[in-house]
Amino acid sequence: MAAGVATWLPFARAAAVGWLPLAKKTMPKPPVDNSSRSDEILYVNVSGVRFQTWKNTLDRYPDTLLGSSEKEFFYNEDTQEYFFDRDPEMFRHILNFYRTGKLHYPRHECIQAFDEELAFYGIVPEIIGDCCMEEYRDRKKENQERLAEDTEANEAMDAPLPPHSTPRERLWRAFENPHTSTMALVFYYVTGFFIAVSVIANVVETVPCRPLKGSVKDLPCGEKYQLAFFCMDTACVLIFTFEYLMRLFAAPSRCKFMRSVMSVIDVVAIMPYYIGLVMPENEDVSGAFVTLRVFRVFRIFKFSRHSQGLRILGYTLKSCASELGFLLFSLTMAIIIFATVMFYAEKGTKGSTFTSIPASFWYTIVTMTTLGYGDMVPNTIAGKIFGSICSLSGVLVIALPVPVIVSNFSRIYHQNQRADKMRAQQKVRLARIRMAKKGTTNAFLQYKEDRALGDRDSDSTALCVKNRSAFEHQHHHLLHCLEKTTNHEFTDEMTYSELCMTESVGFRTSRSTSLSSQQGAQNNSTGCCPRRARRRAAMRLANSTVSVSRGSVQELDTLHMKITAIPPQTRSSLNAQLEDLKLNCGEQDFSAAIISIPTPPANTPEESLPPSPAPIPGILRNTRATAYTHDKIKVSSL
Amino acid sequence: MGAVVGTLTMQTKQRRPSRDKLDDELELTIVCHRPEGLELLEAQTNFTKQELQILYRGFKNECPSGVVNEETFKQIYSQFFPHGDASMYAHYLFNAFDTSNNGAIKFKDFVMGMSLLLRGTLREKLEWTFHLYDINRDGYINREEMTEIVRAIYDMMGKYTYPALKGDVPQQHVDAFFQKMDKNKDGVVTLEEFVVACQEDETMMRSMQLFENVM
């Protein structure tokens, strides 16, 4: 019930005293009203703007946020007010609804923002007053249409193919959207070319060519070079038939495809040829056959697959069907009226061309469209007067529906433009989203590296910690937990793809490794850390070249746990990573196989690798390098 | 041509008088009524200042012009009884509240009526009810008036009742009422007869007591 009615309820209940003398039974007990009857002022603070209202005002609508006990969740004890962190401008309208009972829609606000506010305060949009309801509905519909268009545009054409699509689906996509693959594009242009060739051939067929030897009459080229034109026609029809059959095969719903306009045009374009083949060379039938050849001109409509503008035009005409119908109807009415009038006006004159009313139709049409061929001209004065009225009214009648058609076309055209613009913008947006995602991944990897550093050196930890917010810390901790759960680690796309590529290469070209180490390494890799094995392999490849150049038997295997996204991915930094990880992981936490080269052992690592950025790990590396001799392999698995 | 222009001008001339009437109506509605002072009302009724304030705020919100006319009153009252037709009873109720008989209930009438019904003595309530039933204000309730009232009340029930309304239930109800109230069997009920009969009615006294705490 409306709020106003709630105000009158006590009055209606009081007036029920009037029924008491008539009542045959005792009245039921009234409900107990525990709430105090006194009214108080409530303070509502919306983002700093303080509103004050009576409690009763808010209680008018008990099924909204402000009218129910839900608002107690927002009560601030310290300031004795209700605090909402929302838009104060919108709140003004919400509060006015409580005060006046009518909800108004502010025209300058975004419709979605308004809807969100209403949803937050628990107010149903249907109660918007009549004054603003139409505007609200229009804006909402417009917004929904736009969103629907955008989602349609997104999922329709440029979406990547689903991974497991049948050849039939791929074929259909190639037909519908030629930009997806080169083959489709080629086919698209080839069919376009053949349509053009076919249409031009049809046209040129009828041009008069020089006559054959021995004859005087000019022949149309079609008859002179009959064989050539026939071959060209056959070729075109073959291509069209092939295309049509391919489309029919690939279509997801064959019935729907066969009923579509384009399919009908295709059929009509190729049928005359086949009918011509089938039909015998008969005198009686050839007349009908000639008319059938007219249908060959429908091939030009096949261009609408290639042209967006043609499609828009067709769509416009379809959507303006009612206006066009009105135009036709009113024109027909006017034609009949004026034809009759002109006929009777010119009936008496000798040699008048207005022989019958249908004959006058031609005059009326020519006059109303202001063509005025002059083959039929009125001679009497009455005829001339009515003729002039006819031409004036023709201008008016034709001019009326035209603006409607034009505005429809403009609207559809702009919608189309907007769809194209949206698609272009979407690509940019997706690229940005991808970069942002990469950023968070990189941040996480950075965090892991810093954590490793931090365990060793508390000073740098403090530095890193300061740069990250509490949110980021918790987020990274969460990702770390996931890593521990799944026993895999996050890495970035580049590293992953390059390691995938080098993996096969690495395994094949690595040589001069002791069998045991290789076996051990391989066991480790397949057992627990395939990714690490790959990286190891990559490093093996990288290092084996070094070791080979030195001619030493052993190779230096270094395992780096992960590659951070720090762009200069030098081998030094990679090695540094390894050291860090050795520091922060427990002994059983990582698998590493390190075989150090004995002769010039301590030198080679230093020489081959540029100085690492962190001094401590570098020193450690050296010590480690000397610690492990070539026959000692420390292998531990995760 | 002149005839065409003439007809066009004639049409505009005809439109003007109706527009004047509209302006007059607009002027009437802009005038609003203000009640007497708060202290005065407090003295005349049994409500406290706070209660009067609350009542007035609600009243003013619904009727910014300060008066309720019969149409609005009927609409409001009908919203409480959507099943049936409450217009007749609302009409009688309106007349009962409109003590000054000018076709509009002002805040003063409203609040005086409420005060009587909620905070008044038993006699006052019974007098008010008597005035409700006495449609023509002649001091007597006759059968026709009572039948009207009872029919109006049954109309509010609507068509779908249990048990179904068969026969002339209102008339039977009126007969029962007169049986009880009309002591001297002269076909009319006076105020005294009414008060005495009601005070004797146990059921009614119990119901009255329940209604003490409606507000």
Side-chain angles (χ1 to χ4, degrees), chain A residues 1-42 52-62 66-67 95-104 127 129 385 389 392, chain B residues 48 50-51 53-55 57-59 61-63 68 73 75-77 79-82 89 92-93 96-97 110 113-118 120 125-126 128-133 146 149-150 153 173-174 176-177 180-181 194 197-198 201-215:
Chain A
M1 273 194 202
V5 183
T7 322
W8 290 91
L9 185 60
F11 161 79
R13 295 179 73 205
V17 167
W19 302 337
L20 292 182
L22 292 166
K24 294 180 188 160
K25 298 203 183 129
T26 340
M27 292 289 142
K29 271 175 93 161
V32 179
D33 191 11
N34 280 334
S35 63
S36 64
R37 295 303 304 172
S38 65
D39 212 357
E40 47 171 336
I41 292 187
L42 296 179
Q52 297 171 8
T53 182
W54 292 109
K55 187 168 182 301
N56 273 359
T57 314
L58 296 180
D59 286 343
R60 281 194 202 142
Y61 296 98
L66 291 169
L95 199 53
N96 277 340
F97 162 63
Y98 284 92
R99 291 174 180 149
T100 61
K102 287 201 212 75
L103 181 62
H104 294 279
I127 49 171
I385 291 175
I389 297 178
L392 285 174
Chain B
T48 63
Q50 254 92 345
E51 289 170 335
Q53 281 178 340
I54 296 173
L55 280 171
R57 282 204 291 269
F59 185 82
N61 214 32
E62 291 316 304
C63 318
V68 188
F73 186 81
Q75 270 174 17
I76 293 169
Y77 203 73
Q79 285 182 323
F80 292 115
F81 304 100
Y89 188 71
Y92 298 129
L93 208 55
F97 267 90
F110 173 71
M114 291 281 274
S115 156
L116 220 96
L117 287 169
L118 297 172
K125 290 184 192 173
L126 291 174
W128 186 88
T129 316
F130 184 84
H131 284 303
L132 172 68
Y133 295 159
M146 209 55 226
I149 298 272
V150 171
I153 293 178
H173 206 132
V174 172
F177 177 80
K180 203 168 48 169
M181 299 284 165
F194 182 74
C198 284
D201 189 351
E202 282 295 319
T203 324
M204 196 183 155
M205 287 300 112
R206 238 177 297 147
S207 305
M208 277 282 192
Q209 275 172 2
L210 285 173
F211 263 72
E212 290 287 304
N213 310 318
V214 161
M215 185 168 152

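Here the structure is a predicted model, which means the values were calculated and not measured. In what follows, chains carry the letters A, B, and so on, assigned in the order in which the sequence lines appear, proteins first and then strands, with residues in each chain numbered from 1.
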Minimum heavy-atom distance between [X] and [Y], given as atom pair plus value:
{"X": "B/Tyr77", "Y": "A/Ala12", "result": "CE1-CB, 3.9 Å"}
{"X": "B/Ser207", "Y": "A/Leu20", "result": "CB-CD2, 3.7 Å"}
{"X": "B/Leu117", "Y": "A/Ala14", "result": "CD1-O, 3.5 Å"}

- Can you name the residues that form a ring-ring contact (aromatic ring centres under 6.0 Å, His included) with B/His131, not counting sequence neighbours?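 Listed in chain order: nothing, the list is empty.
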- Message: I'd like to check the ring-ring contact (aromatic ring centres under 6.0 Å, His included) partners of B/Trp128; sequence neighbours left out, ordered by chain and number.
- Response: B/Phe97
- Item | Top of B/Arg206, B/His173, B/Glu202, B/Lys180 for chain A proximity - count of heavy-atom pairs under 4.5 angstrom |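 Top count of heavy-atom pairs under 4.5 Å with chain A: B/His173.
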- Message: Looking only at heavy atoms and a cut-off of under 4.5 Å, which of B/Met204, B/Gln75, B/Met181 has the most pairs with chain A?
- Response: B/Met204
- Message: Counting only non-hydrogen atoms closer than 4.5 Å, does A/Trp19 touch chain B with its backbone (N, CA, C, O), its side chain (CB onward), both, or neither?
- Response: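 Both parts, backbone and side chain.
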Less than 4.5 Å to any heavy atom of chain A: does that hold for the side chain of [X], its backbone, both, or neither?
{"X": "B/Thr129", "value": "side chain"}
{"X": "B/Phe110", "value": "side chain"}
{"X": "B/Met205", "value": "neither"}
{"X": "B/Tyr89", "value": "side chain"}

- Task: Kindly indicate whether the side chain of B/Tyr133, heavy atoms from C-beta on, has any atom under 4.5 Å from the side chain of A/Pro21.
- Result: yes
- Query: Side chains of B/Met208 and A/Val17: closer than 4.5 Å at any heavy-atom pair?
  - Reply: yes
